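Here the structure is a predicted model, which means the values were calculated and not measured. What's counted below: heavy atoms across the whole structure, side chains too, no hydrogens, waters or symmetry copies. Lettering follows sequence order; numbering is per chain, from 1.
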Amino acid sequence: MQPAPTTNDRYDFKTIEQRWQRRWEEEKTWKVSHRSDQPKYYVLEMFPYPSGRIHMGHVRNYSIGDVIARYKRMQGFNVLHPMGWDAFGLPAENAAMKRGIHPAAWTYDNIDYMRGQLKAMGLSYDWDRELATCRPDYYRWEQQLFLKMLAKGLIYRKETTVNWCNDCQTVLAREQVIDGACWRCDQPVLPKTMYGWFFKITGYAEELLADLDTLTGWPEKVVTMQRNWIGKSTGLACDFRIEDSDQAIAIFTTRPDTIFGVTFMSLAVEHPLIDTLVQGKPQEEAVRAFVRDTVLAKQRASLDQELDKRGVFTGSYCLNPFTGERVPIYVANFVLMEYGTGAVMAVPAHDQRDFEFARAYGLPIRVVVQPEGEPLDPAAMTEASEGPGVLVNSGPFTGMDSTEAKQAIIVEAERQRFGSAHVTYRLRDWGISRQRYWGAPIPVIHCDHCGIVPVPEADLPILLPGAGEPTGSHSPLHQQPDFIATTCPSCGRPARRETDTLDTFVESSWYFARYTSPGLDSAPIDRKAAAYWLPVDQYIGGVEHAILHLLYARFFTKMLRDLGYLEVDEPFTNLLTQGMVIKDGAKMSKSKGNVVDPNELIEQYGADTVRLFSLFAAPPERDLEWNAQGVDGAFRFLNRVYRMVVSQRACFDQPATVDLDALNAPSRALHRKTHQTIRRVTESIESNFHFNTAISGIMELVNLVAAPVDEPVDDAVLREALETILTLLFPMAPHFCEELWQVTGHERALNDAAWPVFNAEAAKEDEITIVVQVNGKVRTKLQVAADTDEHTLRRLAVAEEKVAKMLAGQEPKKIIVVPGKLVNIVV
RNA sequence: GCGAGAGUGGUGAAAUUGGUAGACGCACUGGACUUAGGAUCCAGCGGGCCAGCCCCAUGGGGGUUCGAGUCCCCCCUCUCGCACCA
C-alpha cells in the first residue's frame, strides 16, 4: 500500500515507471503471433536511423503509435507493433572517419543506447521482432530478393552521367551537390559517366499511379505529391526526318494540335544526334562551344534557378511530317535530356518557353490555335497563348476544336506511320548504386568471360568486409582488393566482385514485411505470416517521406507480390503524417540550438507526462509548438488524478454496480458524464486519432469528480468514474494508470482490460438547455426535459418574457425548431 | 508558375460538420492556506458602453440561409511540395 500523499507530494514516477517497465520486459507482454483467432491490427511507426539519441520528433511519432497499439489491443485486436533500425547510411561512415572507429561499432552503440531510451518511454513493442538493416541476417535476404528481381528483369545496369567528387571518390546524390561543389569537401563536382544498377520502377508507373485511387486512408496531400512525381503525360510521339539524311529526330508532345505551328526544333545539349548534325558545318565550332558552356553552366546553377533561354543554330534542318516544311534545328539550354526524347518541336505561338526563345533569336511565330475573342497577332503577342481554341493554318484540321484535334492528329500520324499515341512519365528508374562502404553489397560478380554473373543463392550473404571486427577496414569496397578478388561461379576463372552497395532506401522498402517473420532463416518473408499481418493497417511518420520512401515501399510491395511473397497490392492502408515539433517558431535542430532533450524531460517529469503532453498539445497531423509550461500542466494533471484516486480509494471496496434508481442528482450527473466521456474519447480516437480532444474529455470528467457537491456521490458511481478515467487514460499514460489500477486493488493488469463501452441510456441527458433565438441571435435559454416535443418548445419559447417583449404583440413570421437544440423566432 | 494545406483570444487549440464561438490546457489577475510558494485550492480571464443573456468579434469583401468559423464567389497572407516535364 502506498502511504497517503500529502499535498506537497508528487507521485513517484521514477519508481513506478521502472517497476512496470521491468514487468513488461520480463513477461514479454506484447509478444504476438500470427496464429490467433483475433482480428489482426498492424500499427507501424517509421523506423529510426540510429543517429545517437532520440529526439522529440521520435517521441511524438512513437507516442502516437503506442496509443493506437494499446487502444487496439483493448478493443480486442491481435496487435503487431514492432520496432527496428534503419541502420545503413552515410552518417555512420562520417562518424567513423571523425572518431577513428568502425561504422558498425558506432551504429550498434547507438542502437543500444536508443533502444534503452525507447524502453524508458514505456512503448509497447514486441521487441522479439526487432531488426537492424545492417545485420547480415537482414541484408542477406535483401541480397536474395535482389537476385530474384534481377532474374525477373526488374533490375538492370546501365551507364549514366553522375555527380562525382574526386576527393571523396564517390557519387553524390543531387541533394549533396551545393552550388556545384561537394557538400563535404567543397571541391567542384564533376560529371562522370559510369555504370550503375537500377530498379525498373517505371515498369510499375501505371499501377503506382492507378492504385493511388485506392489509398483512401492516406492524406490527400501525399497522394497528390506522388501523382505529380509520377507525372503522367499523354500525347504524340513522332519523327521529324533530318533533311538529306536517313535519320530522324524523335519528339514527344502533349500538344499535337499545334504541330502545324512548328517553326524550329530544339535539342538538349546532351542529345546524341548533335555530333552528326554539326559535322563539317560552318556552325560546328559554335555549337560545340555552346554545348560545353551550357553543361558547365547547368552544373553551377543552383537547382531552383531558371536560366535565360539561350541556344545556337546547328546549320541543319528537319522536316515537319505533316507539312514537309523545312524546320531549322537548334540546340537549346532549356531542353531536358531526361524527359521525353530530349528534342522538342517548338511552337512559339503556343508555348511560353518557345516563345521566349523565338523572340530572343528572331524566329517566326505562327498562330495555329485561335482562342475565343480577339484574333491573335504574332507581332503583337507578349506571351504565348497556351489555352484551347479553334485550329487555323492547320491544313485539313483547320476549323477543328483544339481538344478534338489532339486526337485527330494522333490518328493521322498513326495512319501515315510517322508517329503514334504515347505516354510519358516524369518518374525515372531508381538508381540504387552507391560507391560507399556502409551499405548492403550488391551480390553479383563480373567475369571477363561470362559477363555479369549473379552470386549463387547458396553463397549468400555477401558479407560487408571488416564489419565483424572493430578495427576492420571500412574503405569503399572498390578500394578493398581482398573483397574484390573472387572466382566466377559460372566458369571458375578469376573474377571481380561488384563493389557498389545498395541505396539505403532499399532496406526501408520491405522492412515492414520482414517484421512479420522475425528471425526466419530460410527465406526473406514467411508467406503465411505476411498474409496474416499485411497490409499495415496504420503507418505513422513524417511527411518528409511522402515521395521517396513511401513510393519505393509501394513499388517493392508490388514486386514482392509478383515474386509470390506477398498477397497485397499496397503496403499501408492508412497513413498518418504527423507534424513537426517546433520550438520558437522553427523545427527543432542542433544548428538552431532549440532542441529539447527527451532524456532530461523523462528524468524530470517521467515518461507518462512527456507522452501525455506531446499528445495533448496539438492534433497529430499538425505541427506541435513545444511549450515547457505545457509539460508542467500535463504533470500537474497526472498528480491531480493521482491524489484524487488515492484519496478516494475507499470506493473501490464497493462493487461497481450502479443502481440507477437509487441515485441522487450529483451521482446521476457523474454517471452520465462518465458515459459521455467514454463516447467522446472513443470517437476522438476512432475518427482521426485526435488525442488532444480525447484528453480534454478525460480532464472534464476529472474536473467533475473533483467538483464540490451538495450531497455525497454514490460509491459505485464514483468507482465507475475513477475506473473509467484510468482505463481511458491508460494508452497515453500506461505506467501511471497501471500503478493506480493496482493500488486500488485490481488483480488483473489494466493492460489486459477491455476498452469500456458506453451505455447510450446512461449518457443521455434528462434535462437539456434549449437556445431561444430571435432572428438568429441568442436571446434566452430554456431548461427543459430532454424529450420535450416541438410544439411545447414553440409554446415555451414564445412565452418567454424577453421574446414577448421583442415581439411587441406581433405574430412571429416563422418559427424554426431544432429538437434538442434551439428555437429560432423570425420577426 | 503549378499543386496541396492553413488563417479563430495573450497563447496551444475546441466547436457533435449549418445551430449558444472560444471546450480543455498554458499564461495572466485576484483571493484562501502557508515561515515560504515555482505546491495545492477557490474565483476571474476575446473586445467595447463593462449597466444587462446590449453591441462588436473566427484574415478581408460580397453572397446563400431563419441562422455561417463551417457552404458559394472574389481578394490578402503564411506554410509545404514540385518546378524550363515539351
Side-chain angles (χ1 to χ4, degrees), chain A residues 6-10 219-229 231-233 235-236 251-255 258 266 268 303-309 332-336 338-347 350-354 356-357 424-426 543-544 546-547 579-580 582 613 616-619 621-634 636-637 639-640 643 679-680 683-684 687 690 692-700 702-703 706 708 769-781 802 812-818 820-827:
Chain A
T6 69
T7 49
N8 275 348
D9 269 350
R10 309 304 198 80
E220 200 181 295
K221 174 184 172 139
V222 176
V223 171
T224 305
M225 281 167 71
Q226 290 214 355
R227 185 170 287 124
N228 293 342
W229 186 261
K232 181 180 181 175
S233 299
L236 170 70
I251 61 104
F252 169 75
T253 179
T254 55
R255 292 296 304 274
T258 64
S266 320
L303 292 169
D304 53 356
Q305 177 188 334
E306 223 172 90
L307 299 164
D308 278 343
K309 309 263 174 305
N333 64 345
F334 62 91
V335 179
L336 303 174
E338 314 85 67
Y339 183 79
T341 61
V344 177
M345 66 171 214
V347 187
H350 306 295
D351 181 283
Q352 184 59 25
R353 294 154 301 177
D354 298 343
E356 287 169 29
F357 192 86
T424 297
Y425 298 93
R426 210 190 77 106
V543 74
E544 65 272 19
I547 296 177
M580 293 184 298
I582 304 284
F613 174 74
F616 179 61
E621 70 279 1
R622 214 182 298 188
D623 285 348
L624 185 157
E625 173 75 35
W626 191 260
N627 178 348
Q629 281 147 337
V631 182
D632 266 323
R636 228 165 12 220
F637 171 70
N639 277 295
R640 193 159 174 238
R643 285 192 305 270
R679 177 173 58 195
R680 174 161 169 200
E683 283 172 359
S684 287
S687 63
H690 278 197
N692 55 331
T693 53
I695 293 167
S696 73
I698 299 171
M699 286 173 167
E700 282 184 41
V702 169
N703 289 347
T769 307
I770 296 287
V771 170
V772 179
Q773 298 181 329
V774 176
N775 291 336
K777 289 203 163 150
V778 182
R779 293 301 163 182
T780 185
K781 290 162 192 173
K802 213 164 166 91
K813 245 195 233 162
K814 197 171 167 189
I815 298 179
I816 291 126
V817 180
V818 183
K821 285 236 170 76
L822 58 76
V823 180
N824 188 13
I825 298 159
V826 187
V827 181

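- To the nearest whole angstrom, the two C1' atoms, one in B:G46 and one in B:A23, are 15 Å apart.
- Taking atom P on both B:U70 and B:G60, the two are 11 Å apart, rounded to the nearest angstrom.
- Within 4.0 Å (heavy atoms only), A:P219 reaches no atom of the nucleic acid at all.
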- prompt: Can you list the steps and then say if A:H690 with A:E683 is a side chain to side chain donor-acceptor pair (under 3.5 Å)?
  reply: CA-CA 9 Å; A:H690 278 197; A:E683 283 172 359; over 6 Å; no
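- Considering only residues two or more places apart in sequence or on other chains, A:R680 meets the salt bridge (Lys or Arg N to Asp or Glu O under 4.0 Å) condition with A:E700.
- Considering only heavy atoms from C-beta on, A:V347 stays 4.5 Å or farther from A:R255 through its side chain.
- Between the CD atom of A:E625 and the P atom of B:G10 there is a distance of 17 Å, rounded to whole Å.
- Between the CZ atom of A:F357 and the P atom of B:A86 there is a distance of 19 Å, given to the nearest Å.
- Here OG1 of A:T780 is found 12.0 Å from CD1 of A:I770. Values are rounded to the nearest 0.5 Å.
- Side-chain contact between A:F637 and A:F613 is absent, with no heavy-atom pair separated by less than 4.5 Å.
- As a whole-Å value, the separation of A:F252 CZ from B:A86 P is 7 Å.
- Residues passing the salt bridge (Lys or Arg N to Asp or Glu O under 4.0 Å) test with A:K232, sequence neighbours excluded: A:E206.
- B:G61 and B:G69: their P atoms are spaced 13 Å apart (whole Å).
- In this structure, the ring-ring contact (aromatic ring centres under 6.0 Å, His included) partners of A:F334, at least two apart in sequence or on a different chain, are A:F357.
- One interatomic measurement links the two molecules: NZ of A:K813 to P of B:G67, which rounds to 10 Å at whole-angstrom precision.
- Projected onto RNA chain B by closest heavy-atom contact, A:G776 and A:V818 fall at different nucleotides, the more 5' of which corresponds to A:V818.
- With its glycosidic angle more than 90° from 0, B:G62 is assigned anti.
- The ring-ring contact (aromatic ring centres under 6.0 Å, His included) search around A:W229 returns none, not counting sequence neighbours.
- Atoms NE2 (A:H690) and P (B:U16) sit 12 Å apart, rounded to a whole Å.
- With values rounded to the nearest 0.5 angstrom, A:N692 atom CG is found 7.5 Å from A:S684 atom OG.
- OP1 or OP2 of B:A86 has at least one side-chain nitrogen or oxygen of A:S233 nearer than 4.0 Å.
- Rounding to whole angstrom units, CG of residue A:L822 and C1' of B:U65 are separated by 14 Å.
- With both ends at atom P, the span from B:G19 to B:G67 equals 15 Å, rounded to whole Å.
- Here A:Q352 lies out of heavy-atom contact (under 4.0 Å) with every strand.
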query: With the sugar-phosphate defined as primed atoms, P, OP1 and OP2, and the base as all remaining atoms, what B/S/- string results for nucleotides 51-57 of chain B, 5' to 3', for protein heavy atoms under 4.0 Å?
result: --BSSS-
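- Phosphate proximity of B:A14 to A:N692: present, with a side-chain N or O under 4.0 Å from OP1 or OP2.
- In this structure, the side chain to side chain contact (heavy atoms under 4.5 Å, CB included) partners of A:D623, at least two apart in sequence or on a different chain, are A:M580, A:I582.
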What are the atom names and distances for every N/O pair under 3.5 Å that joins the protein to nucleotides 77-82 of chain B?
unit_1, atom_1, unit_2, atom_2, d
B:C80, O2', A:K221, NZ, 3.3

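- In this structure, A:R643 reaches the B:C41 phosphate: one of its side-chain N or O atoms is under 4.0 Å from OP1 or OP2.
- The P atoms of B:G3 and B:A86 are separated by 14 Å, rounded to the nearest whole Å.
- Comparing B:A36 with B:A27, their C1' atoms sit 23 Å apart, to the nearest whole Å.
- In B:U17 the base sits syn relative to the sugar, since the glycosidic angle is no further than 90° from 0.
- Here A:Q773 pairs with A:V771, A:V778, A:L822, A:N824 under the side chain to side chain contact (heavy atoms under 4.5 Å, CB included) rule; sequence neighbours left out.
- Looking at heavy-atom distances under 4.0 Å, A:R622 makes contact with sugar-phosphate atoms alone, never a base.
- Secondary-structure annotation of RNA chain B gives the stems B:1-7 with B:76-82, B:10-12 with B:24-26, B:28-32 with B:40-44, B:46-48 with B:54-56, B:59-63 with B:71-75, with a stem taken as at least 3 successive Watson-Crick or G-U pairs whose two distances both fall under 3.5 Å.
- Residues meeting the salt bridge (Lys or Arg N to Asp or Glu O under 4.0 Å) test with A:R426, sequence neighbours left out: none.
- In terms of heavy atoms, A:R640 sits closest to A:A706 at NH2-CB, 3.6 Å.
- B:U11 and B:G5: their P atoms are spaced 26 Å apart (whole Å).
- For A:K814 and B:G67, the NZ to P distance is 9 Å, given to the nearest whole Å.
- With hydrogens and angles ignored, a donor-acceptor pair under 3.5 angstrom links the side chain of A:K309 to the base of B:C84.
- Looking at heavy atoms from C-beta onward, A:K777 lies out of side-chain contact with A:N775 at the 4.5 angstrom threshold.
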- request: Can you check each nucleotide of nucleotides 24-35 of chain B against protein heavy atoms at under 4.0 Å and return B for base, S for sugar-phosphate only, - for none, in 5' to 3' order?
  value: BSSS--------
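- Counting non-hydrogen atoms under 4.0 angstrom, A:V826 reaches the backbone sugars and phosphates but no base.
- The salt bridge (Lys or Arg N to Asp or Glu O under 4.0 Å) search around A:R353 returns A:D351, not counting sequence neighbours.
- Here the C1' atom of nucleotide B:U65 and the CG atom of A:N775 are 13 Å apart, to the nearest Å.
- Comparing B:C85 with B:C76, their C1' atoms are spaced 31 Å from each other, to the whole Å.
- Rounded to the nearest 0.5 Å, atoms CZ (A:F252) and OG1 (A:T424) are 3.5 Å apart.
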